[in-house]
Amino acid sequence: RPIATFSGTVSDSDGRPLVGAEVSYGNPSTDMSIEPWITDDLGRFSGQVQVVEGGVLTVRAEGHVVQHLSGSAEGPSDSAQLDVHAGEIVSDIEFSLENGSSASGSITLPSGTDSASISVTAVDPSTGEEVAQTLATKQGGGKLAYRLEGIPDGDYALRFDDAGGALASSFAGGALTLYEAEVFSFASSEPGDDIDVMLRDAAVVSGQILLPEGISAVTPITVTPYLMVGDSWIAYESALIQLHEGRASGSTERVWEYSI
């Protein structure tokens, strides 16, 4: 693949170098990214990358709003344009990061669950865009603590996800979908309020699927639960399921079993 070289600096809104900021390059839609470059004592970074379609430069620094440079109109909504070609050296890239707001609080786990890997994400309710994310830390007594920094000024919902899948993903306030989630206002000029949540065990759904002749079990199949909200059905969270071969009771036809 073609190689390009990037270099530049990262500073705060007052022009002071940001030491230890992470600068990464990749395609957000495919999770293809490099190991991030870390800025030095003068806020400088540099490195070579393989150019990818839809590539985005992303910079993160604790307490600051994430910033992007994109070569695609389909990049993150706050992207500035960055056109890069094979063999090109793109230098003097200047990132200036704004201070962000923060949210913190405790996460109460279901009885019998001592710990879990929970991510906390601020989500724009109008677009679904994820603007900031962190991992909760163990607090003890069936509780976790979190502090989410770098939230842009504005109104956002907070989503809590269990990497292991044993706990149901939900939003602060108890909603299961963004459509009905409680929205919180954030401003970098004001201290963030504590937002505590309680998580619930996730339900398990299983069944059997009879595939048409000629369709392989390796074919990607997605199962999507729907919630009734008011008079509307709202998609909850799709899962790409793993199929296992089985046989229907009293039948010689091959079926495929799933569980989510």
Among Val123, Val120, Thr121, whose side chain to side chain contact (heavy atoms under 4.5 Å, CB included) with Gln133 holds?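 Per the side chain to side chain contact (heavy atoms under 4.5 Å, CB included) rule, the option paired with Gln133 is Thr121, out of Val123, Val120, Thr121.
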If every non-hydrogen atom of [X] is compared with every non-hydrogen atom of [Y], which pair is closest and at what distance?
| X | Y | result |
| --- | --- | --- |
| Val65 | Gly100 | CG2-CA, 3.8 Å |
| Ala61 | Ala21 | CB-CB, 4.0 Å |
| Ser188 | Ser101 | N-CB, 3.9 Å |
| Ala103 | Leu158 | CB-CD1, 4.0 Å |
| Ala175 | Ala181 | CB-CA, 3.6 Å |

Roughly how far, to the nearest 0.5 Å, is [atom2] of [Y] from [atom1] of [X]?
| X | Y | atom1 | atom2 | value |
| --- | --- | --- | --- | --- |
| Phe45 | Phe6 | CZ | CZ | 8.5 Å |
| Glu190 | Ser102 | CD | OG | 11.0 Å |
| Ser169 | Leu176 | OG | CG | 9.0 Å |
| Gln67 | Arg60 | CD | CZ | 12.0 Å |
| Asn99 | Ile151 | CG | CD1 | 13.0 Å |
| Gln48 | Trp37 | CD | CH2 | 9.0 Å |

Please, which pairs that meet salt bridge (charged side-chain N to carboxylate O under 4.0 Å, His left out) have at least one residue in residues 148-159, sequence neighbours excluded?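 As it turns out, the salt bridge (charged side-chain N to carboxylate O under 4.0 Å, His left out) pairs with a partner in residues 148-159, which skip direct neighbours, are Glu130-Arg159, Arg147-Glu149, Arg159-Asp161.
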Suppose the criterion is salt bridge (charged side-chain N to carboxylate O under 4.0 Å, His left out): which pairs have a residue in residues 103-120, not counting sequence neighbours?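 Matches after skipping sequence neighbours: Asp114-Lys138.
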Return yes if some donor-acceptor pair links the side-chain N/O of [X] with the main-chain N/O of [Y] below 3.5 Å, else return no.
| X | Y | result |
| --- | --- | --- |
| Thr113 | Ser115 | no |
| Arg200 | Gly174 | yes |
| Asp196 | Ser106 | yes |

Partners meeting salt bridge (Lys or Arg N to Asp or Glu O under 4.0 Å) with Asp14 (sequence neighbours left out):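 Per chain and number, Asp14 pairs via salt bridge (Lys or Arg N to Asp or Glu O under 4.0 Å) with Arg16.
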Do Val66 and Thr58 pass the side-chain contact (heavy atoms from CB on, under 4.5 Å) test, and can you show the C-alpha distance, the side-chain angles, and the key distance before you say yes or no? CA-CA 7 Å; Val66 174; Thr58 300; 3.6 Å; yes
Is there a side-chain contact between [X] and [Y], using heavy atoms and a 4.5 Å cut-off?
| X | Y | answer |
| --- | --- | --- |
| Phe171 | Val197 | no |
| Leu18 | Leu97 | yes |
| Thr9 | Thr39 | no |
| Ile107 | Leu199 | yes |
| Pro36 | Val23 | no |
| Asp41 | Val19 | yes |
| Phe186 | Tyr156 | yes |
| Leu57 | Ile93 | yes |

Look at the side-chain heavy atoms of Ile, Leu, Val, Met, Phe, Trp and Tyr, link any pair under 4.5 Å apart, and say whether Leu167 and Ile195 land in one connected group.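 Yes: a chain of side-chain contacts under 4.5 Å links Leu167 to Ile195.
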Tell me yes or no: between the side chains of His64 and Asp12, is some donor less than 3.5 Å from an acceptor?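 His64 vs Asp12: no donor-acceptor pair found between side chains.
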Set of ring-ring contact (aromatic ring centres under 6.0 Å, His included) partners for Phe160, sequence neighbours left out: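 With sequence neighbours excluded, Phe160 shows a ring-ring contact (aromatic ring centres under 6.0 Å, His included) to Tyr146, given in chain and number order.
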Sequence neighbours excluded, every pair satisfying ring pair (Phe, Tyr, Trp, His ring centres under 6.0 Å) that has a member inside residues 109-141: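 For residues 109-141: none.
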Is the CG atom of Asp194 crowded by more than 12 outside heavy atoms at less than 6.0 Å?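 Enclosed: over 12 neighbouring heavy atoms sit under 6.0 Å from CG of Asp194.
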Run the side-chain contact (heavy atoms from CB on, under 4.5 Å) test against Ser96 and tell me which residues pass, sequence neighbours left out.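 Checked Ser96 against side-chain contact (heavy atoms from CB on, under 4.5 Å); matches are Ser11.
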For Leu109 and Lys143, run side-chain contact (heavy atoms from CB on, under 4.5 Å): C-alpha distance rounded to whole Å, both residues' side-chain angles, the deciding distance at 0.1 Å, then the answer. CA-CA 6 Å; Leu109 303 176; Lys143 288 191 175 184; over 6 Å; no
